[in-house]
Each structure stands twice: as structure tokens, then as C-alpha cells.
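The analysis underlying the following values was restricted to heavy atoms, covering all of them including side chains, and did not include hydrogens, waters or symmetry mates.
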Amino acid sequence: MATRRKQIIDGLVTELGQTPDVSPSNVFRHFKYLDEINDFPSVCLLPRNEARIERGANRRLGIIEVALRGYTFDENNLDRAEFLAQNVEAKVDSFSANTAAKANGVSDVRVVTFRTDEGLFEPYGIADLELQILYDVEEDV
């Protein structure tokens, strides 16, 4: 059986696959560099550290940090990257209300940082977001 952490990340990948203009096949659970991307827009996410918080009465919370990167290709790449990042942020915000997320104990998902490449990689656009996912850690019975 998959761990709760994996189930949460898989649910987030599924949710991001419903982002407007992003094909579900262009959402990756691992990091990809720009030269590895053939279809645009694409979204990559990489789960990073996890912190645990003891709340007492055998209640533990986990906070998963996730790095998310979106790639676009357009003549007006700066606006396109920002537009993609805003759509992704809207999906991230709605993820915590998702039934599958609630079933996995997700309490809150938030975007902590939001930035774009500011036209540096023209005609490509890059959007970087850092996420935090707060969830109840499943206890072994």
C-alpha cells in the first residue's frame, strides 16, 4: 500500500493535470530541466523535506515542502509564465478542499513563494512556486 505522503503527492499531480491549458501528460512527479521538455506548458513538482509537529493526544502533523516549476513557450513568455503560475496556484488552493485530499488527512495547502524568470529565458517562460502541504500523519494501529 502506498504511503500517505505518496497518496497526497499523487492526488496533487492529478489535480494539477486539470489546470487549464496543461495536458495531464505534461504534469510530472519529478523534476525536469528545460531541455528535457518537448510539450508546453508543462509542470514538474518535486517533494522535498517533511517536518513533523507533535500536537499531543497522539496527534502528529506533517508538513511536506514541494518545489513546483512550470515551463511555457510563447512570444510573450513573461505573461504566459505568470498566467500559468496563477492557474497552478488556483488549483493548489482548491486541492485542500478536494475529497481525495481530505481522505488523506490534508488540512491545508498553500503557496509560500511565487516567482517567474522575468523574461530571462525568452521565448521560454519559467514559473517557480514553493508549496507547503499540512496533513495529519496516519498512526499505525
Side-chain angles (χ1 to χ4, degrees), residues 1-74 76-141:
M1 174 150 177
T3 64
R4 181 167 273 198
R5 175 185 165 105
K6 182 177 180 340
Q7 291 171 340
I8 291 168
I9 298 301
D10 289 344
L12 181 60
V13 168
T14 301
E15 185 80 16
L16 292 173
Q18 300 170 7
T19 303
D21 301 330
V22 178
S23 169
S25 63
N26 289 347
V27 179
F28 304 100
R29 193 177 189 271
H30 57 278
F31 188 79
K32 288 193 171 211
Y33 291 101
L34 183 58
D35 63 345
E36 297 176 276
I37 302 292
N38 294 320
D39 297 323
F40 297 93
S42 291
V43 176
C44 308
L45 58 102
L46 179 65
R48 292 190 172 170
N49 300 329
E50 181 172 349
R52 296 289 171 96
I53 302 170
E54 297 290 335
R55 289 289 183 196
N58 292 329
R59 183 166 185 226
R60 291 189 320 171
L61 300 176
I63 301 173
I64 304 170
E65 296 176 2
V66 179
L68 189 145
R69 177 168 282 179
Y71 295 105
T72 63
F73 181 82
D74 196 290
N76 191 2
N77 68 334
L78 180 59
D79 291 343
R80 204 63 159 143
E82 182 130 353
F83 183 70
L84 174 64
Q86 288 171 351
N87 284 336
V88 166
E89 183 176 24
K91 279 296 177 186
V92 167
D93 290 343
S94 68
F95 176 66
S96 60
N98 182 320
T99 305
K102 290 287 187 198
N104 285 315
V106 173
S107 303
D108 186 37
V109 183
R110 64 182 62 189
V111 175
V112 179
T113 63
F114 178 115
R115 68 180 181 176
T116 64
D117 69 321
E118 301 294 330
L120 184 63
F121 292 100
E122 191 174 341
Y124 299 97
I126 298 175
D128 285 321
L129 291 87
E130 291 285 332
L131 315 177
Q132 284 185 343
I133 302 171
L134 176 68
Y135 73 100
D136 284 311
V137 176
E138 189 171 53
E139 295 295 325
D140 295 330
V141 178

Looking at Asn87 and Thr19, would you say the former's side chain and the latter's main chain have a donor-acceptor pair under 3.5 Å?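 Checked: no pair found.
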Enter the distance from Leu84:CG to Glu89:CD here, rounded to the nearest 0.5 Å.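 Rounded to the nearest 0.5 Å, the CG-CD separation comes to 11.5 Å.
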Once you round to the nearest 0.5 Å, how far does CD1 of Ile133 lie from CD1 of Ile63?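 Atom-to-atom, Ile133:CD1 and Ile63:CD1 are 11.0 Å apart.
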Step through the shown structure and confirm whether more than 12 heavy atoms of other residues, nucleotides or ligands are within 6.0 Å of CZ on Arg52.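 For Arg52, atom CZ is crowded (more than 12 foreign heavy atoms under 6.0 Å).
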Sequence neighbours left out, what passes side chain to side chain contact (heavy atoms under 4.5 Å, CB included) with Asn98? Give chain and number order.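 Counting only residues at least two positions away or on another chain, Asn98 forms a side chain to side chain contact (heavy atoms under 4.5 Å, CB included) with Glu15, Phe95, Ala100, Ala101.
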Which residues pass the side chain to side chain contact (heavy atoms under 4.5 Å, CB included) test with Ser107, not counting sequence neighbours?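 For Ser107 the side chain to side chain contact (heavy atoms under 4.5 Å, CB included) partners, ignoring immediate neighbours, are Leu134, Asp136.
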Test side chain to side chain contact (heavy atoms under 4.5 Å, CB included) on Val92 and Leu16; report intermediate values, then the result. CA-CA 8 Å; Val92 167; Leu16 292 173; 4.3 Å; yes
Trace of the side chain to side chain contact (heavy atoms under 4.5 Å, CB included) decision for Phe114 with Gln86: CA-CA 9 Å; Phe114 178 115; Gln86 288 171 351; 4.2 Å; yes
Listed partners of Asp108 passing salt bridge (charged side-chain N to carboxylate O under 4.0 Å, His left out), at least two apart: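 Once residues adjacent in sequence are excluded, the partners of Asp108 under the salt bridge (charged side-chain N to carboxylate O under 4.0 Å, His left out) criterion are Arg110.
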Only pairs under 3.5 Å count here: list side-chain donor-acceptor contacts from residues 25-47, not counting sequence neighbours, and write none if there are none.
{"residue": "Ser25", "atom": "OG", "partner": "Ser23", "partner atom": "OG", "Å": "3.0"}
{"residue": "Asn26", "atom": "ND2", "partner": "Pro41", "partner atom": "O", "Å": "3.4"}
{"residue": "Arg29", "atom": "NE", "partner": "Asp10", "partner atom": "OD1", "Å": "3.1"}
{"residue": "Glu36", "atom": "OE1", "partner": "Tyr33", "partner atom": "N", "Å": "2.7"}
{"residue": "Ser42", "atom": "OG", "partner": "Asp39", "partner atom": "O", "Å": "2.4"}

If you take all heavy atoms of [X] and [Y], which pair is closest and at what distance?
X      : Y     : answer
Asn104 : Gln7  : OD1-OE1, 2.9 Å
Pro24  : Gly17 : CG-O, 3.4 Å
Ala127 : Ala85 : CB-CB, 3.7 Å

Phe83/Asp21 under side chain to side chain contact (heavy atoms under 4.5 Å, CB included): CA gap, chis, key distance, verdict: CA-CA 10 Å; Phe83 183 70; Asp21 301 330; 3.6 Å; yes
Looking at side-chain heavy atoms only, is the closest gap between Thr72 and Tyr124 below 4.5 Å?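 Side-chain contact under 4.5 Å: no.
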Pairs touching residues 125-135 that satisfy side chain to side chain donor-acceptor pair (under 3.5 Å), sequence neighbours left out: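 Side chain to side chain donor-acceptor pair (under 3.5 Å) check on residues 125-135 returns Glu50-Tyr135, Arg69-Asp128, Arg115-Asp128.
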Kindly determine whether Ile9 and Val66 satisfy side chain to side chain contact (heavy atoms under 4.5 Å, CB included), including the steps that lead there. CA-CA 9 Å; Ile9 298 301; Val66 179; 4.0 Å; yes
Residue pairs involving residues 96-106 (criterion salt bridge (charged side-chain N to carboxylate O under 4.0 Å, His left out); sequence neighbours excluded):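 Counting only pairs at least two positions apart or across chains, no salt bridge (charged side-chain N to carboxylate O under 4.0 Å, His left out) contact touches residues 96-106.
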